[in-house]
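Everything quoted here is computed from the prediction, not taken from an experiment. In what follows, chains carry the letters A, B, and so on, assigned in the order in which the sequence lines appear, proteins first and then strands, with residues in each chain numbered from 1.
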2 protein chains.
Amino acid sequence: MAKGKERAAPLRDFEHSLPMELLKARESAMARFRPMLRDHGLTEQQWRVIRALAALESVDAGELARRSFLLAPSLTRILQHLESEKLVTRSADANDQRRAVFKLTSSGKQLFSKVAPDSEALYADIECEFGVHKLESLYALLAEFYQTLAPAAAAPEDRSATA
Amino acid sequence: MAKGKERAAPLRDFEHSLPMELLKARESAMARFRPMLRDHGLTEQQWRVIRALAALESVDAGELARRSFLLAPSLTRILQHLESEKLVTRSADANDQRRAVFKLTSSGKQLFSKVAPDSEALYADIECEFGVHKLESLYALLAEFYQTLAPAAAAPEDRSATA
DNA sequence: GAAGTATACTTAACATGTTAACTGAATTCA
DNA sequence: TGAATTCAGTTAACATGTTAAGTATACTTC
């Protein structure tokens, strides 16, 4: 709008890469969630873990990593932190001593139920400002995008139809 | 497609937040670029800086931060690293001693011209697999999204019409 | 049933993200 | 002009991202 003259199909003028556009979009959303989470003493990633735990009542680390989309080393550190805060408990899987099983403590559940409504409110704002319809289109395109790119170079997990 | 039964408008079942969907999309793309960049001895962020420098021939840190979408502390560290690798030179702005001005060295330019084609090739793959049309839709939606959300809680820079 | 392999994390090391405090140079204004 | 303020970058401290190596348990196979 400012410059008027945009090339017909720039798609990428070597400084607006797709990863960076995705990052900008993500950042514009996170700029709203971060202060709220910070008020609750949480980082974005810690909240992702708590949210996953709240939905499952007992999960091993691998499942947690998948659901919260965190790499194992990050998850290890985050769980250590959440344990030290008494928000999460760790126990060993009876059938497989390699697996660690995690649960939300009552403080953890309490924290979740305090943060969740704030999170919902911010989502509602976004839906309202951007429009539910466009938001759905965006969700759909994003899912299609990463499902398209996944087969060629995906995460080593969740590929079961490869053998 | 796999499960068949998807709710009509989930939009977010409390474990598929928009930031995470954006992250997944971004990650699916970066999973392709990262190995290539790694082969050239670069991280994604270092490449963003070099790309911005290659387009401008002489930039101060603030402009670099905006163009590469990096926070100042990250940029500081990255520039220190690139200087130590002799890929970038630093000099002081004559008119404003606060500003640092950066340029690509000849090695830096050389590296850029080696990486750029590899980057282009991967983009071409993505365009081909996902489809140019969908990719354009995605770009457009993303831009619309972050432009919509920006006014309410934007970066303190590049807002000039606020006064 | 012991060696070999795979699995589920954990550690380590380095790079970046995020926020806050800090330094020095320009600007404003009384 | 000199104190107060703003601005550009840097430093600091802690959390996470990324890759590689390590550890212990489970599984496989001969």
Side chain of [X]: nearest nucleotide among [options]?
X	options	value
Ala72(B)	dT19(C), dT10(D), dA6(C)	dT10(D)
Asp96(B)	dG17(C), dA26(C), dT18(D)	dA26(C)
Arg34(A)	dT18(C), dT16(C), dG24(C)	dT18(C)
Pro73(B)	dT25(D), dT18(D), dT11(D)	dT11(D)
Ser74(A)	dG17(C), dT10(D), dG17(D)	dG17(D)

Once you round it to whole Å, what is the distance between [atom2] of [N] and [atom1] of [X]?
X	N	atom1	atom2	result
Leu70(B)	dG17(D)	CG	P	16 Å
Arg99(A)	dT10(C)	CZ	P	13 Å
Leu23(A)	dT18(C)	CG	P	8 Å

Ignoring hydrogens and angles, tell me if any N or O in the side chain of Thr105(A) forms a donor-acceptor pair with the backbone of Lys86(A) under 3.5 Å.
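Here the side-chain-to-backbone pair exists.
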Look only at the side chain of Ser74(B) and the backbone of Leu70(B), and say whether a donor-acceptor pair between them is shorter than 3.5 Å.
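No, because the side chain of Ser74(B) does not come within donor-acceptor range (under 3.5 Å) of the backbone of Leu70(B).
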Regarding dG17(D), can its base be found pairing with the side chain of Arg77(A) as donor and acceptor, where the two atoms are less than 3.5 Å apart?
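In this structure, the two groups form a donor-acceptor pair.
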Any N or O donor-acceptor pair linking the side chain of Arg98(B) to the base of dC7(D) at under 3.5 Å?
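Looking at the base of dC7(D), it does pair with a donor or acceptor on the side chain of Arg98(B) (distance under 3.5 Å).
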Looking for any heavy atom pair under 4.0 Å, which part of the strands does [X] touch: base, sugar-phosphate only, or nothing?
X	answer
Ile78(B)	sugar-phosphate
Gln46(B)	sugar-phosphate
Glu63(A)	nothing

So does Glu144(A) pair up with Lys134(B), basic N to acidic O under 4.0 Å?
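Salt bridge between Glu144(A) and Lys134(B), a charged N being under 4.0 Å from a carboxylate O: yes.
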In plain terms, say whether Glu27(B) and Lys24(B) are close enough for a salt bridge, that is, a side-chain N and a carboxylate O under 4.0 Å apart.
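Judged by the 4.0 Å cut-off on N to carboxylate O distance, Glu27(B) and Lys24(B) do not form a salt bridge.
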